[in-house]
There are 2 protein chains.
Amino acid sequence: MNKKTTIYDIAKKLDTTAATVSRALNNNPKISASTRKLVLETAAQMNYKQNKLALALQSGKSGNIGVIVPRIDSNFFASVIRGIEDELQPEGYHVIICQTHENEKREIENINTLLNAQVDGILMSASNVSKENNSIIKRVIEKNVPLIFFDRKKNIDGVSSVTINDFEGGYLATKHLIGEGCTKIAHLTGDQSLEIYENRNNGYKKALQDSGIEYNEDYIIQTKSSVEAGRQAVEKLLKLKNPPNAIFSSSDFAALGAIQELKEQGIRIPEDFCVFGFGNEPFTKFMELSISSVDQSPMEMGKMAAQVFLEQVNSTEKFKIEKKVVLNPELHIRKSSLRHAL
Amino acid sequence: MNKKTTIYDIAKKLDTTAATVSRALNNNPKISASTRKLVLETAAQMNYKQNKLALALQSGKSGNIGVIVPRIDSNFFASVIRGIEDELQPEGYHVIICQTHENEKREIENINTLLNAQVDGILMSASNVSKENNSIIKRVIEKNVPLIFFDRKKNIDGVSSVTINDFEGGYLATKHLIGEGCTKIAHLTGDQSLEIYENRNNGYKKALQDSGIEYNEDYIIQTKSSVEAGRQAVEKLLKLKNPPNAIFSSSDFAALGAIQELKEQGIRIPEDFCVFGFGNEPFTKFMELSISSVDQSPMEMGKMAAQVFLEQVNSTEKFKIEKKVVLNPELHIRKSSLRHAL
DNA sequence: CTGTTAGCGCCTTCAT
DNA sequence: ATGAAGGCGCTAACAG
């Protein structure tokens, strides 16, 4: 097993010193063109490759950035990560992914191991927002490691974030339903400790209010983001003395479940009942009865998060940059909510 | 910005030496219980965290493994990566992801930067199989970096791989179609330089042969894995003087496109025409007309690949281990191909 | 321009 | 059981 060739090896061969070789390799101006050429040639010939680890230790920058997500096998997070990787790879960064599986302990562990691995930055979608792990967040900030939240953020001073305007998404979707003539609109929401669901919920409320529709507590159902949960929510809703005639769901999966259940109950969509989802999962547009949904442009989100990181790390400013990017959601209106022609 | 505390800092504070601290921290037996306790305590108190970079440089192991995929925002690859990360994270490894976007140059670049970053292993799904980058593969092998292919492998001596039995998948799907009474079965295949498509194609052929059905060259259409490509394929097929009455598609997306086109042409599924896909993408089971598909158990594949890597890296054997794991595909039979009750 | 020296933080002989 | 020294591979500071 032939050992790696180092700059010392090539220095020895050229009867010079490692410093000179290093300079030649790094386009340092303080070196003659001739020796540079010589070094470059023999380096190539000896098949020299820089050991990034040594560079990392010496410079304190590993060239790695950590990305923490609840899970990677979801279209949304995978797309965000794609955006991040596409943007950071050309800049010479490697992307390390960590999954929390919505487990706060894992989240803390992940941050710790990333810090110990000397990552140059952390981009994360927080699994939850309990106070507890704010101490770990503090550690990140103290170590001066750029931290950027995406999608699920925590409100912390000095920490940048890239999110979509969930409020606006909820507002527009609900407004659309109202425009289609829906008068009794239910809302499937998620974990209220997460801002994103709270904001979508608030957008929904505001839309009702702006249209003079009374807010009905019974129409708000908290569900998991799953098909089954959507079905169960509809079961509950249809049992009300005054059942709704539309649903704005914070999850595409729940929206799908809702549609399945509605159909089984013989309710026609969109004639009798409209459904609007959130997330624009691929399947929403593939369905025969395609599902209207709010697009979150996840890839854009990833790219933006990466750019914010790059700005931050390349900044020469003494003070910290805090940047809050808010992307606009986009309505994809499809059959499940479309009564009138567009 | 408070600098990190090192073992020297804590050595100084305890009026001892870094070596002792190191020993205490690493459960080295050659140290007294008392000093160990003392070191551990003050380490905790000074909030010491090991710098993995230094360890990596000195040990030659970075604790990172690289995963190379065509793209991450596909359910299949995302699921494989999930499996890998779930398996490797408990072992203390970090997973670096690289996308090639099916670009061979990117693939080579990725391998090179991963090697320079001193990854402890590379798991990859090859974007293609041209001879050209076998030299880079050779470099990986020479450097003794464990290399494991998954899904899209190259046949190289001494290199392990985890794949599914694509031949069997193609065979079973086709057999099923025949069992449903389909007599003229077309096949949508992919890039023939990739073994996976070749194998699925061969399984298809064998199934026909075993059932005494003649192979018809006109029924083989090479398509990209996209909805649009599937539609176009159907257009072509229906123009034949003797059009088929079933399709086995190597791609779920092409299968979906095929179904859309067939429906538009007024052809009833599954009564007049059966369709079978490959990949078991989430949407296949969500459709109202659910699509039959071959499941590749991607998460299992990722877990297996990770395990093979661990075996390899933990092995004390002098000789290289070459392990070829082949997972069994599983048929998910749904409406698009189900005429008889199960 | 080039060589010398030193250090990034850690571990591991080799002495003691 | 502990200390001293050296090295992983590289770059930066300081001399010449």
Side-chain angles (χ1 to χ4, degrees), chain A residues 1-40 42-43 46-64 92 115-120 143-144, chain B residues 1-40 42-43 46-64 92 115-120 143-144:
Chain A
M1 167 175 15
N2 39 12
K3 284 188 42 76
K4 269 193 66 106
T5 85
T6 74
I7 53 174
Y8 283 95
D9 298 328
I10 115 165
K12 199 182 300 174
K13 183 155 194 171
L14 260 44
D15 200 31
T16 176
T17 165
T20 304
V21 175
S22 173
R23 281 190 271 259
L25 260 23
N26 290 296
N27 278 333
N28 188 313
K30 316 166 97 177
I31 196 171
S32 75
S34 58
T35 56
R36 155 167 302 135
K37 182 155 173 288
L38 191 59
V39 168
L40 257 35
T42 59
M46 295 179 75
N47 197 27
Y48 168 80
K49 305 287 174 192
Q50 187 187 49
N51 182 335
K52 294 284 183 192
L53 276 186
L55 177 57
L57 176 59
Q58 191 289 129
S59 68
K61 336 208 105 296
S62 67
N64 296 145
L115 288 179
N116 296 165
Q118 312 295 121
V119 291
D120 297 342
K143 291 197 63 170
N144 244 22
Chain B
M1 167 177 12
N2 40 11
K3 283 185 46 68
K4 269 191 65 105
T5 87
T6 75
I7 52 174
Y8 284 93
D9 298 329
I10 114 165
K12 199 181 301 171
K13 184 154 193 171
L14 258 45
D15 200 31
T16 176
T17 165
T20 304
V21 175
S22 173
R23 281 190 269 259
L25 260 21
N26 291 294
N27 277 333
N28 188 312
K30 316 166 94 175
I31 196 171
S32 75
S34 58
T35 57
R36 158 167 301 136
K37 183 156 174 287
L38 192 59
V39 168
L40 257 35
T42 59
M46 294 178 75
N47 198 26
Y48 168 79
K49 304 287 174 192
Q50 187 185 48
N51 183 334
K52 294 284 182 193
L53 277 185
L55 177 57
L57 175 60
Q58 106 62 44
S59 70
K61 334 209 108 294
S62 67
N64 296 145
L115 288 179
N116 297 165
Q118 313 295 120
V119 290
D120 297 342
K143 291 197 62 170
N144 243 22

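The chains referred to below are lettered A, B, ... by the order of the sequence lines, with proteins before strands, and numbering in each begins at 1.
- In this structure, B:Lys12 atom NZ and D:dA4 atom P are separated by 14 Å, rounded to whole Å.
- Mapping A:Asp15 and B:Gln58 onto DNA chain C by nearest heavy atom places A:Asp15 at the nucleotide closer to the 5' end.
- Closest contact between the side chain of A:Gln50 and the listed nucleotides D:dC14, D:dT11, C:dC10 involves D:dT11.
- Protein atom CD1 of B:Ile10 is 13 Å distant from nucleotide atom P of D:dT2, rounded to whole Å.
- Between A:Ser22 and D:dT11 there is a side-chain N or O to OP1 or OP2 distance below 4.0 Å.
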- Message: Working note: A:Thr6 + A:Asn51, criterion side chain to side chain contact (heavy atoms under 4.5 Å, CB included); need CA distance, chi angles, decisive distance, verdict.
- Response: CA-CA 8 Å; A:Thr6 74; A:Asn51 182 335; over 6 Å; no
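- An OP1 or OP2 oxygen of D:dC8 is reached within less than 4.0 angstrom by no side-chain nitrogen or oxygen of A:Asn51.
- Between the P atom of D:dA5 and the CD1 atom of B:Ile7 lies a distance of 16 Å, rounded to the nearest Å.
- Distances shorter than 4.0 Å separate some side-chain N or O of B:Ser32 from OP1 or OP2 on D:dT2.
- When the P atom of D:dG9 is taken as reference, atom NZ of A:Lys52 falls 16 Å away, rounded to whole Å.
- In this entry the distance linking CG of B:Leu57 with P of D:dG7 reads 14 Å, nearest Å.
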- Query: Would B:Asp120 and B:Asn64 satisfy side chain to side chain contact (heavy atoms under 4.5 Å, CB included), going step by step from the backbone distance to the final call?
  - Reply: CA-CA 6 Å; B:Asp120 297 342; B:Asn64 296 145; over 6 Å; no
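- The side chain of B:Gln118 places no N or O atom within less than 4.0 Å of a non-bridging phosphate oxygen (OP1 or OP2) of D:dC8.
- Defined by atom type and a distance below 3.5 Å, a donor-acceptor pair is missing between the side-chain atoms of A:Thr20 and A:Thr17.
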- Does the pair A:Arg36 and A:Arg23 meet the rule for a side chain to side chain contact (heavy atoms under 4.5 Å, CB included), with working shown? CA-CA 8 Å; A:Arg36 155 167 302 135; A:Arg23 281 190 271 259; over 6 Å; no
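- When rounded to the nearest whole Å, the span between NZ of B:Lys61 and C1' of C:dG9 equals 19 Å.
- Note on B:Thr20: a side-chain N or O is less than 4.0 Å away from OP1 or OP2 of D:dG3.
- Distance, A:Leu53 CG to C:dG9 C1': 13 Å, rounded to whole Å.
- We find the CG-CG distance between A:Asp9 and A:Asn47 to be 12.0 Å, quoted to the nearest 0.5 Å.
- B:Asn28 comes within 4.0 angstrom of no nucleic acid atom, judged by non-hydrogen atoms across all strands.
- A donor-acceptor pair is defined here as one N or O able to donate and one able to accept, closer than 3.5 Å; such a pair exists between the side chain of A:Lys4 and the backbone of A:Lys49.
- For the pair B:Leu25 and A:Thr35, nearest-nucleotide mapping onto DNA chain C gives the more 5' position to A:Thr35.
- The phosphate of C:dG3 has OP1 or OP2 within less than 4.0 Å of a side-chain N or O from A:Thr16.
- Considering only side-chain atoms of A:Ala19, the nucleotide from D:dA12, D:dA1, D:dA4 that sits closest is D:dA12.
- Positionally, the nearest nucleotide of DNA chain D for B:Pro29 lies more toward the 5' end than for the other of B:Pro29 and B:Ala54.
- Comparing D:dT2, C:dC10, C:dA6 by their nearest atom to the side chain of A:Tyr8 picks out C:dA6.
- For the pair A:Lys4 NZ and D:dC10 C1', the computed distance is 12 Å after rounding to whole Å.
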